[in-house]
Amino acid sequence: MNNKPIGILDSGLGGLTIWHEIVQQLPHESTVYIGDSANTPYGVKSPEEIFELARKCIEFLLTKEVKLIVTACNSITVSCVDQLREAYPAIPIVGTVPAIKPAGEQTKNKRIGILATTRTTTSDYQTELINQFASDCTVLSHGTDGIVPLIERGELASAEMTATLERELAPFQEEGIDTLVLGCTHFPFVKVQMQKILGSSVTILDSSEAIARRVTFLLEQSNSLASVPKPEYAFFTTGNAAIAKKILHATIKRSETVVVTEVSL
Ligand code: DGL
């Protein structure tokens with residue numbers, strides 16, 4: 001048993017979609033979340049810049065004595081998860097990558113779409129996932145860095161968001177995909193709007209359940225599950241705490257009050 005918290009990091013608020021699934025699957029675990037909203041979006045940055053920023057987030061989480069770290073960000077994971085594991089060998093690091101494997105298994109018409117950040121869509125890591133799990137499919141991979149800043153401003157349902165989603169999803173409609181992979185942890189916040197645009201014949205997949213299952217597996221395997229009757233959830237942001245709270249309350253739909261603390265790394 002280990003009652004220390006699980007650490008979760010993202011370039012901003014997107015990792016909250018992973019946090020939510022983790023606390024659903026592991027209701028006795030405490031968590032510490034750090035969102036680097038001051039430096040978002042990471043999707044337009046180089047792997048070297050992303051590594052340096054992710055390292056600062058990890059250093060912060062280590063001061064909170066976390067027992068495991070989740071990089072709840074595809075852009076971080078595809079850029080530098082191996083280097084991060086090398087830099088911090090004493091702590092398990094769980095990465096987040098686009099759900100291409102389940103998409104390859106579930107698609108019926110063998111036409112898959114991947115919507116992610118520019119960094120993720122142009123990464124060798126994603127190319128390898130496609131070759132490994134969807135080589136028999138037509139894959140349309142589209143990078144966008146326009147959705148994340150809107151979410152970071154707390155705009156989940158603005159007219160600009162609708163117009164942006166319509167524009168970014170149009171190539172997938174033309175391609176006739178039946179499965180869309182959300183390769184950025186911010187995107188599940190607007191999944192409902194995306195489903196409306198794409199219609200019910202398109203299945204939209206994200207990685208959150210699989211990440212939470214992986215965390216569960218690793219904690220079970222190392223006998224490190226917690227048994228805290230009332231777990232604590234600590235949220236930190238390098239950006240604006242009020243926006244982070246709004247996103248947490250509105251979208252994650254937790255009834256209890258959450259405290260978000262602004263920090264600089
Ligand atoms: N949420 C992040 C991801 O999964 C990145 C968003 C960004 O900062 O560009 O890729």
Side-chain angles (χ1 to χ4, degrees), residues 10-11 14-15 17-18 20-21 41-44 47 71-79 81 94-151 156-157 159-214 251:
D10 180 41
S11 65
T17 59
I18 304 278
H20 185 244
E21 194 55 42
Y42 279 17
V44 297
T71 56
C73 174
N74 296 262
S75 305
I76 296 175
T77 308
V78 301
S79 299
V81 72
V94 175
T96 303
V97 294
I100 295 168
K101 184 173 184 231
E105 288 163 358
Q106 289 176 34
T107 177
K108 294 202 172 57
N109 72 0
K110 301 282 175 198
R111 301 177 88 77
I112 294 173
I114 305 170
L115 185 65
T117 63
T118 301
R119 180 81 272 288
T120 299
T121 46
T122 55
S123 67
D124 293 343
Y125 201 132
Q126 185 184 283
T127 306
E128 277 166 33
L129 288 175
I130 294 170
N131 292 342
Q132 200 177 346
F133 299 115
S135 56
D136 60 338
C137 299
T138 300
V139 179
L140 175 65
S141 172
H142 175 54
T144 172
D145 300 300
I147 300 172
V148 168
L150 292 176
I151 293 170
L156 297 180
E160 193 180 345
M161 177 60 90
T162 306
T164 304
L165 292 178
E166 281 170 356
R167 189 179 64 241
E168 302 297 354
L169 293 174
F172 298 111
Q173 291 173 300
E174 282 158 30
E175 193 64 35
I177 61 157
D178 71 355
T179 308
L180 178 67
V181 175
L182 302 185
C184 170
T185 54
H186 282 72
F187 296 170
F189 283 124
V190 285
K191 185 173 170 179
V192 173
Q193 291 100 301
M194 288 187 182
Q195 194 76 70
K196 227 168 148 182
I197 294 166
L198 293 171
S200 56
S201 61
V202 176
T203 302
I204 303 180
L205 299 176
D206 68 72
S207 315
S208 52
E209 273 183 46
I211 303 306
R213 276 200 306 275
R214 179 76 187 151
T251 313

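Being a predicted model, the structure only gives us computed values, none of them experimental. Residue indices begin at 1 and follow the sequence shown. Hydrogens, waters and symmetry mates are skipped; everything else that's a heavy atom, side chains included, is used.
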Hey, could you give me the [atom1]/[atom2] distance between [X] and [Y], rounded to the nearest 0.5 Å?
X: Gln106; Y: Ile112; atom1: CD; atom2: CD1; result: 9.5 Å
X: Ile100; Y: Ser141; atom1: CD1; atom2: OG; result: 7.5 Å
X: Glu21; Y: Ile211; atom1: CD; atom2: CD1; result: 10.5 Å
X: His142; Y: Ile177; atom1: NE2; atom2: CD1; result: 11.5 Å

Distance-only, no hydrogens or angles: does the [X] side chain make a donor-acceptor pair with backbone N or O of [Y] under 3.5 Å?
X: Thr107; Y: Gly104; value: no
X: Asp178; Y: Lys108; value: yes
X: Asp145; Y: Thr118; value: yes

Side-chain contact, heavy-atom cut-off 4.5 Å: [X] with [Y]?
X: Leu180; Y: Leu169; answer: yes
X: Ile147; Y: Leu115; answer: yes
X: Asn74; Y: Thr185; answer: yes
X: Ile114; Y: Ile130; answer: yes
X: Tyr42; Y: Ile76; answer: yes
X: Arg119; Y: Pro41; answer: no
X: Pro98; Y: Gln126; answer: yes
X: Phe187; Y: Ile204; answer: no

Inset, instruction - Name all residues meeting the salt bridge (charged side-chain N to carboxylate O under 4.0 Å, His left out) criterion together with Arg111; count only those two or more places apart in sequence or in a different chain, and write none if there are none. - result: Glu175

Legend entry - All salt bridge (charged side-chain N to carboxylate O under 4.0 Å, His left out) counterparts of Glu160, not counting sequence neighbours: Arg153

Minimum heavy-atom separation for [X] to [Y], with atom names?
X: Ser75; Y: Gly43; result: OG-CA, 4.1 Å
X: Ala99; Y: Val181; result: N-CG1, 3.3 Å
X: Phe172; Y: Leu140; result: CE2-O, 3.3 Å

Inset, instruction - Apply side-chain contact (heavy atoms from CB on, under 4.5 Å) to the pair His186 and Asp10, showing each step before the final yes or no. - result: CA-CA 9 Å; His186 282 72; Asp10 180 41; 3.3 Å; yes

Table please: side-chain donor-acceptor pairs of residues 193-203 below 3.5 Å, with sequence neighbours left out.
residue	atom	partner	partner atom	Å
Gln193	NE2	Leu156	O	2.4
Gln195	NE2	Gly199	O	3.1
Gln195	NE2	Val202	O	2.7

Legend entry - Steps toward side-chain contact (heavy atoms from CB on, under 4.5 Å) verdict (Thr164, Arg167): CA-CA 5 Å; Thr164 304; Arg167 189 179 64 241; 3.7 Å; yes

Legend entry - Residue pair Thr71 / Thr77, side-chain donor-acceptor N/O under 3.5 Å: yes

Legend entry - Side-chain donor-acceptor contact under 3.5 Å, Glu168 with Thr144: yes

